[in-house]
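Encoded as structure tokens, the structure appears first; notes follow it.
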Amino acid sequence: MINVSMYRSQGHLSGFEISGHAESGPYGYDLVCAAVSAVSFGAVNAIISLCDIEPVITQGGEGGYLQVKLPLHLEQEALINARLLLEGMLVSLQSIENEYHEYIKITNM
């Protein structure tokens, strides 16, 4: 099971943590894992590239763990844009959860 925890601060997304493995198919053919990875890494890359922000990133060995937090003290425009990208990521992950709820669970922290 993939567990996604969305971090909120004052009602706004400030980061996320993804842990576990979907195990919805054989290694290398796990579509749920591939979808979650593509969505989350795409969002992080967009935050870095489009918002010119270096989030605090922690990854676990051999995959299965990714934690991303927006840094403190960001310019307002960059913060608003990063939050919007995180909200977009959440919508995509919720779409995956709706279809494959036995393999992924999203919670808000």
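Using modelled atom types, no side-chain atom of D30 and backbone atom of P26 make a donor-acceptor pair closer than 3.5 Å. Under a 3.5 Å cut-off, the side chain of S49 and the backbone N or O of N45 do not form any donor-acceptor pair.
Among residues at least two apart or in separate chains, side-chain hydrogen bond (donor to acceptor under 3.5 Å, both in side chains) pairs with a member in residues 64-76 are Y7-Q67, E17-Y65.
Grouping the Ile, Leu, Val, Met, Phe, Trp and Tyr side chains by contacts below 4.5 angstrom, directly or via other members, places F41 with I47. Both L79 and I57 belong to a single network of hydrophobic side chains, linked directly or stepwise wherever heavy atoms of I, L, V, M, F, W or Y lie under 4.5 Å apart. Taking hydrophobic clusters as Ile, Leu, Val, Met, Phe, Trp and Tyr residues chained together by side-chain heavy-atom distances below 4.5 Å, I53 shares a cluster with L90. If you chain together hydrophobic residues whose side chains sit under 4.5 Å apart, L85 and I48 fall into the same group. Under a hydrophobic-cluster definition in which Ile, Leu, Val, Met, Phe, Trp and Tyr are linked whenever side-chain heavy atoms come within less than 4.5 Å, directly or via other members, I80 and M6 are assigned to different clusters.
Across all non-hydrogen atoms, the minimal contact from R83 to H12 is NE-CB, 3.4 Å. Residues P55 and P71 come closest through the heavy atom pair CA-CD, 3.9 Å. Listed here is the closest heavy atom pair of E97 and I106: OE2-N, 3.0 Å. Between C51 and A82 the shortest heavy-atom distance is SG-N, 3.6 Å.
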* Asked: Taking it one step at a time, do I104 and V4 satisfy side chain to side chain contact (heavy atoms under 4.5 Å, CB included)?
  -> CA-CA 7 Å; I104 177 173; V4 179; 4.0 Å; yes
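Under the 4.5 Å side-chain criterion, counting only non-hydrogen atoms from C-beta, V36 is in contact with L93. Between L86 and L70 there is a side-chain heavy-atom pair separated by less than 4.5 Å. N3 is not listed as a side-chain neighbour of I18, based on a closest heavy-atom distance of 4.5 Å or more. Counting heavy atoms from C-beta on, the side chains of M89 and F16 come closer than 4.5 Å.
Around atom CD of E102, more than 12 heavy atoms belonging to other residues, nucleotides or ligands sit under 6.0 Å away. The local environment of CG in L31 is sparse, with at most 12 non-hydrogen atoms from other residues, nucleotides or ligands closer than 6.0 Å.
Residues passing the salt bridge (charged side-chain N to carboxylate O under 4.0 Å, His left out) test with E87, sequence neighbours excluded: R8.
In summary, of the residues considered (V68, I2, L66), a side-chain contact (heavy atoms from CB on, under 4.5 Å) with S40 occurs for L66 alone.
With values rounded to the nearest 0.5 angstrom, M1 atom CE is found 11.0 Å from S19 atom OG.
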